[in-house]
Amino acid sequence: MACLISVLVSTPAHSQIGGALTYQSELPLSAGSLVRVPLGRRETLGVVWDMAPGHTEMPDAARLRPVSAVLSGLPPLDASWRRLVEFAADYYQRAPGEVALSALPPPLRDLSETQLQRRLRRPVAQRRASEGPSSCDPTPATDAPDAAGQGLPLSREQQSVMEELRQGAGSFLLFGATGSGKTEVYLQSVQELLQREPDAQALVMVPEINLTPQLQQRFLARFAASCGPEAVVSLHSGMTNPQRLRSWLAAHLGTARIVLGTRMAVFASMPRLRLIVVDEEHDPSYKQQEGARYSARDLAVYRGQVQGAKVILGSATPSLESWHHSRPQAEGGRYTRLHMPSRVGAQARLPLVRRVDMNHQPRRAVIAPPLLEAIQQRIAVGEQSLIFLNRRGYAPVLQCGACDWKSACPYCSAYRVFHKIDRSLRCHHCGFAEPVPRACPECGNQDIAPIGRGTERLQEHLAELLADVRRAGSRTPGNPDGTPVHVARIDADSTRHSGSLQAQLAQVHAGDVDVLVGTQMVAKGHDFRRITLVAAIHADNALFSSDFRAPERLFSLLMQAAGRAGRDATVSGHSEMWIQTFQPAHPLFEALKRHDYPAFAAQQLRDRASAGLPPFAFQALLRAEARTQAAAQTFLDAARAQAQSQLSEMAGFAQIVLYPAIPMAVQRVANVERTQMLVESRSRVALQRFLHAWHPLLHTVRQSEAGRGLLRWAVDVDPLAI
Ligand code: ADP
Ligand code: ZN
Ligand code: ZN
């Protein structure tokens, strides 16, 4: 008699086949096995799933289609991986099949059993069969500490943090200043684990791997020598499919001891996972913005619990959620907070923060005179300055001086940005680009002018301001060698081609750059050694945002930016962070001046508590997209009405607040109108229960009159931007 097998397959996003499909098989198959199954007229990859109780009794078993093939060369995906997938699907309101299949490397979908066998015979897999995983013993073969697989002697703060990590269990928040040596703590924690447990694995997550090449290099340098080059693999979306498959297989088979990756890596199959590091845990890129909108940081904490792995969340400016979770246990905290307030090195200091009151500067000054002078002084002694402006392009708008024409995007409710470098107008939302018109398209006037300023214009402006300054010879500070000052720029435009970011960073590291203009791309993570002055030009913009997370994000960005200054102890004594602001007395800048994240966080948390905002409340967004605002609105209004009429008797419904639908901040993108509705509750359980009950109603509304004209809808649980 054939066995009934439950299989997860990837179904179209909102098809109502939510759970697993049932097939039959000659042989019993254990949960987690990969199979190929017929689906409609095609054949697709599936994951054998745990059978729901009572499922084996199905009467029409004979009519079920058989499993086509079993990828028997692979060990099944283990129970903890399956629980992670179940949890993510359930919590983020998606089909488990979608979550499971999108967590597997794409080439697995098309590989036949024979092709897979061939892959498995390649070196990575063979090594396991013959030798087992490496013991990662440090082999003092070379002089450099990293290449020998040995760590640096730790500072006192690092030592006590390591001790707490050894003694403790569960999740930790490593709250360490920029340059306090968090990375060294990650490296040594991983090292201790790998030496202690001969088959243990560690997962190290970073927000954007391309922005942190140094971290990757440090892990490779530290572990490649002792564990073998295959022991460290990467997993991120910038890899080719074959590379991703290779890394995934190495992690799944246990040959990879360390997986370094971006948010997607949280789903890597790692049967021996014992330690998870989430570096820069506050970074918004840990939140997936399409499909299952999961937070990789939050899933990492869940995964740690399920798999009994320690979890280290690290940041100099933790998310307020993690900060709140790491309050003392007696007050309900769940994470252990570890503190490293000082920079490594006896003389190393955090930069002095200076506010420039723009109310008292010459009108129209982009760079206040005292700041310009400070930059010139740095150039004179051969040190670098970083000027931070979080807006790329030349100018955000082009405007006609005679009529009212502005460079609006025809497809979005946004202006197209002027890029002088190729004389184009580009929409940063839909990508639509056109050459800059010679004259106003409305009235023919020749006088069209850029309004405002992006990094490109700032670079040009600084080069003009510094045109007469000569740079210091790099070996003889204060002694001009006569060459002009080099003002460089790093942003998403300057680094479009692969490898160009690395090349540009190398120029900065080599000292070929005097002044670096950049977006948040350069404010994060980089270990610059010669930058001693950082300046934020338009720091105020975010203070007026309607997003309640804007101050948190601004504070963290400015702290990160400040963290790029004075990273070398020999120059940190006079490093500075300049803030140009019209509101110098704003509490955010006061806290920044003192490098006082705890004070800032305490004030923000008080505000959030009294306003009933996260982390004291839980939110979800229902998003709708349609050709017209009316169609999107109608769907959301009907969804709300359904909730109120059908679910009002449900337990916990009284704890749910449904807000009216409102258009999104940029309400039209690529001719699609976007609207959203906020759902909020003081209780996470009540919110989850509500969302589960609401979901089937949303499908019904979609199919009704109210769903006509709707293109897409989606639920975003714990949204980051509202
Ligand atoms: P963070 O990740 O906290 O910003 P890093 O780990 O990058 O800090 O450390 C900052 C700098 O200090 C790096 O250049 C690193 O090599 C160095 N460093 C870290 N720990 C030590 C140590 N114990 N002894 C000497 N240098 C260290
Ligand atoms: Zn005009
Ligand atoms: Zn557009």
Side-chain angles (χ1 to χ4, degrees), residues 144-146 150-162 174-189 204 206 212-219 221-222 277-281 312 314-318 338-348 350 398-417 424-434 437-449 509 523-530 559-560 562-570 572 666-672 674:
D146 267 352
Q150 276 158 338
L152 301 162
L154 295 178
S155 70
R156 261 224 319 275
E157 286 178 6
Q158 286 171 323
Q159 279 172 23
S160 74
V161 158
M162 288 295 295
L174 175 53
F175 168 52
T178 52
S180 61
K182 293 185 288 298
T183 312
E184 191 60 34
V185 169
Y186 307 152
L187 284 161
Q188 298 208 13
S189 302
V204 180
V206 293
T212 44
Q214 281 168 331
L215 185 94
Q216 200 173 4
Q217 282 156 15
R218 279 168 79 180
F219 270 87
R222 187 74 52 96
V277 172
V278 184
D279 189 27
E280 308 291 0
E281 66 86 32
I312 309 175
S315 177
T317 52
L338 309 170
H339 199 183
M340 298 201 302
S342 334
R343 283 189 157 176
V344 174
Q347 284 89 41
L350 287 165
L398 217 54
Q399 190 181 32
C400 168
C403 74
D404 220 14
W405 181 84
K406 288 197 183 78
S407 55
C409 174
Y411 308 113
C412 305
S413 43
Y415 293 115
R416 280 175 299 166
V417 175
S424 66
L425 289 179
R426 281 176 195 284
C427 176
H428 288 186
H429 296 277
C430 73
F432 177 66
E434 267 182 342
R438 289 184 188 288
C440 170
E442 294 282 316
C443 73
N445 169 33
Q446 304 266 325
D447 175 29
I448 44 179
H509 290 303
K524 294 187 201 172
H526 304 285
D527 194 13
F528 296 119
R529 310 305 296 182
R530 295 165 182 243
M559 280 280 265
Q560 290 296 326
R564 297 320 103 208
R567 294 181 69 81
D568 190 328
T570 57
S572 70
V666 179
Q667 85 174 56
R668 187 168 52 103
V669 167
N671 261 348
V672 171
R674 313 176 319 156

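Quick note: residue numbers are just sequence positions, from 1. Atoms within a ligand are numbered from 1 in the order they appear, just like the ligands themselves.
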Next on the checklist: Heavy atoms only, cut-off 4.0 Å: how does Ser180 contact ligand 1, side chain, backbone, both, or neither?
Outcome noted: both
Checklist entry - Once you round to the nearest 0.5 Å, how far does CD of Gln188 lie from CD of Gln159? => result 9.5 Å
Item to check | His526, portion touching ligand 1 at heavy-atom distance under 4.0 Å | outcome: neither
Checklist entry - Heavy atom under 4.0 Å from ligand 1: found in Ala316's side chain, backbone, both, or neither? => result neither
Checklist entry - Is there any N or O on Gly181 that sits under 3.5 Å from an N or O of ligand 1? => result yes
Checklist entry - Heavy atoms only: which of Gln188, Arg218, Gln159 is nearest to atom 15 (C) of ligand 1? => result Arg218
Next on the checklist: Just to be sure I read this right, does ligand 1 sit under 4.0 Å from the backbone of Arg529, its side chain, both, or neither, counting only heavy atoms?
Outcome noted: side chain
Checklist entry - Can you tell if the side chain of Gln158 reaches within under 4.5 Å of the side chain of Val161, non-hydrogen atoms only? => result no
Next on the checklist: Please check this pair: side chain of Lys182 against backbone of Gly314, looking for a donor-acceptor N/O pair closer than 3.5 Å.
Outcome noted: no
Checklist outcome for this item: Contact region, Asp527 to ligand 1, non-hydrogen atoms below 4.0 Å, reads side chain
Next on the checklist: Residue-level breakdown please: for Thr183 versus ligand 1, do any non-hydrogen atoms fall below 4.0 Å on the side chain, on the backbone, on both, or on neither?
Outcome noted: both
Checklist entry - OH of Tyr411: more than 12 outside heavy atoms within 6.0 angstrom? => result no
Item to check | Metal environment of the Zn ion (ligand 2), protein N/O/S under 2.8 Å | outcome: Cys400 SG, Cys403 SG, Cys440 SG, Cys443 SG
Checklist entry - What are the protein N/O/S atoms, named by residue and atom, that sit under 2.8 Å from the Zn ion (ligand 3)? => result Cys409 SG, Cys412 SG, Cys427 SG, Cys430 SG
Checklist entry - Would the number of heavy atoms belonging to other residues, nucleotides or ligands and lying under 6.0 Å from OH of Tyr415 be above 12? => result no
